[in-house]
Amino acid sequence: MAHKQKLMLLGGVAVLAMICEWGFHQALWAQAINTIAGGIIALSMLIEMVKKMRTGDYGVDLLAVTAIVATLAVGEYWAAMVILLMLIGGDTLEDYANARAHSELKTLLDNSPRIGHVRLDGELVDQPVEAIQVGQEVVVRPGELVPVDGIVVQGNSTVNESSLTGESKPLDKGPGDELLSGSLNGDVSLTMRVERTAQDSQYQQLVELIRQADQTPADFVRLADRYALPFTIVAYIIAGIAWWVAQDPVRFAQVLVVASPCPLILAAPVAFVSGMSRSSHAGVVVKTGAVIEKMATAQTAAFDKTGTLTRGNLAVSQVVPVSGRDPHELLALVASAEQTSGHVLAQSIVSRAKEEGLTLTDPTTMNEVTAKGIIATVAGHEVKVGKHAFIVEELDASRILQVPITAVYVAVDGAYWGRIELEDQLRPEAGETLNRLREAGVSHQMIVTGDQQKIADQIAQVVGIDEVYGDLLPKDKVSHLNDLRPDQRPSIMVGDGVNDAPVLKVADVGIAMGAHGSTAASESADVVILTDNLQKVAEAVEIAQDTLRIAKQAVWIGIAVCTALMLICSTGWVPTIIGAMLQEVVDTVCILWGLRAKSAHGRN
């Protein structure tokens, strides 16, 4: 039975007891009703408490059971009823608070696309998203959700991806741009070519991640239980001393009714769920509450290089013509030849030429030589572009320098013209992200990558990381994380590729760059970054630290207020029923304090 229904039923029982006592002047009936109701609930709580203790979970339920039994034993049956109402009311309030805190997590679930307008034989046919196939054309009308992942082939519009990535500014989308399922189209219809089915689309993957986060309870209550045993002992000591001094068992009950366990039971989980909600709103999916505590206390951050510290796609870094040749002429000629090639290096070269405003000429012929390069005819010239060995087949190899980085070499009409060098580009936000992590206390930083040691060293030097491990296989990355000393834990691992999945699982906190990373990495990770922005890693840690701080504050506020009330009630100044009512004040303060984690900013 849900807590709300339990509260309504118990409220009905209380009203019946009130009618008996003050309507029919039958105090014995009222006492019997309250005693039976209290006894049943106390017994159910006791059974549940024993089950928890068998699993090693020593919580604070014993205080609640003792308070109910003590008040019934001394004839304070109305105080027992108030305690019951307060406990179940507190559980109901927790449900409400969790619903508030989960509001951002549920946004994706509420916005799930249902149908798509598929173009078949020149007509638009509405189909369930599950039936849409790769390669089909789908029309997304103004104000509609994008049903599956795809590429725009016609139309220009603004698209809101805030529910997916946390990016509040609508993005301009036109032919060639990527559309993510679950994003919201603006004022103009877009025609898209389907790149992934609904099952494989990013939106459905994110929905599954959200379900995992939503269904997994916040584990911070275990941290709260660390305070449970000493808090319970203190409560019994104060109550026992009050009974001994006053020589009155009622004084024992008066103390225990304000020894509310609710601050420990409710405040911390509410804070953690609120922090998870805040992270989700910022474009970071945290799968469980336990992850937040680990992130907040992390000592080590390890990073993959390609796609994590770098963008993961090669871009033109330098155009190196032979003496007497213009670099712009060389770039324009190669880009013209590469226009119809689907190779990733060709796309980077064409993009660079367009960025520089160069005029490109369509090739009259173009032949790709598998794993070697291309031969094209541009403006009457034979242009040969490719690997060093491919270019020197008919030339003097001794006169053509081969560089130890990624490059394409160019020959025009049988003469060597130069080369175009390409490098993976460092993310512009990488340095600031690492600085923010250091400021947050994550001082031990390292790179673990399968890329060449020399290239990894270059990246590390730029971003200020001293500990670098290159040329690693996936099992080697796992070994480096496992070899961390106890004082270097908890550990964070940030990666994006399939080869990062094992080490993400091994790390105390695995963080996947999910915007363009692999599904395997996202599924193995504890945290998924929805935007292609490395700074979200630092933001996630900062949110976790805010959340942990607020959760601890909520617990300590509850303990302090309860202890103060116990001391006051030990004097006998506060009637038992009034003390029972004061429980709800403590609960409300703690829960509201925990909810601050949903919108907190900055650290104290």
Side-chain angles (χ1 to χ4, degrees), residues 10 14 17-18 21-22 27 30-31 34-35 37-39 41-42 45-46 49 58-91 93 224-267 552-593:
L10 190 62
M18 291 171 65
E21 177 148 347
W22 289 293
Q31 183 173 4
N34 287 345
T35 301
I41 295 178
M45 291 178 65
L46 181 63
M49 181 185 68
Y58 299 95
V60 290
D61 295 340
L62 183 60
L63 274 178
V65 174
T66 307
I68 294 169
V69 173
T71 49
L72 291 174
V74 298
E76 295 283 352
Y77 53 89
W78 281 114
M81 177 58 69
V82 171
I83 294 173
L84 291 171
L85 288 170
M86 294 302 107
L87 285 173
I88 298 178
D91 290 337
L93 186 58
D225 281 341
R226 297 172 194 171
Y227 303 98
L229 186 59
F231 180 67
T232 303
I233 293 173
V234 168
Y236 282 145
I237 290 174
I238 295 175
I241 293 175
W243 183 0
W244 179 72
V245 171
Q247 296 297 304
D248 184 358
V250 174
R251 195 68 56 84
F252 182 82
Q254 288 176 325
V255 172
L256 289 187
V257 295
V258 294
S260 171
C262 292
L264 297 179
I265 296 173
L266 304 182
K552 287 183 175 180
Q553 287 174 350
V555 169
W556 278 111
I557 287 172
I559 289 175
V561 174
C562 282
T563 303
L565 288 175
M566 284 190 289
L567 293 172
I568 293 172
C569 291
S570 68
T571 64
W573 293 346
V574 180
T576 309
I577 190 170
I578 299 300
M581 291 180 178
L582 289 175
Q583 273 196 54
E584 196 66 8
V585 176
V586 180
D587 300 345
T588 302
V589 169
C590 292
I591 289 173
L592 291 177
W593 194 272

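Since the structure is predicted, the reported quantities are computational estimates derived from the model, not experimental observations.
When every heavy atom of Thr563 is checked against every heavy atom of Phe231, the shortest pair comes out as OG1-CE1, 4.2 Å. Considering all non-hydrogen atoms of both residues, Val255 and Ala242 come closest at CG2-CB, 4.0 Å.
Remark: the backbone N or O of Met18 is not paired with any side-chain donor or acceptor of Glu21 at under 3.5 angstrom.
Rounded to the nearest 0.5 Å, atoms CE (Met566) and CD1 (Ile559) are 9.5 Å apart. To the nearest 0.5 Å, atom CD1 of residue Ile238 and atom CG of residue Leu565 are 10.5 Å apart. Note that CZ of Arg251 and OG of Ser570 are 7.5 Å apart. Values are rounded to the nearest 0.5 Å.
For Trp244, the CH2 atom is loosely surrounded, since the number of other residues' heavy atoms within 6.0 Å does not exceed 12.
With sequence neighbours excluded, the residues satisfying ring pair (Phe, Tyr, Trp, His ring centres under 6.0 Å) with Trp556 are Tyr227. In this view, Gln31 satisfies the side chain to side chain donor-acceptor pair (under 3.5 Å) rule with no residue, not counting sequence neighbours. Under the side chain to side chain donor-acceptor pair (under 3.5 Å) criterion, Trp593 pairs with Gln553, sequence neighbours left out.
By the 30° and 60° cut-offs, the orientation of the rings of Phe252 relative to Tyr236 is parallel.
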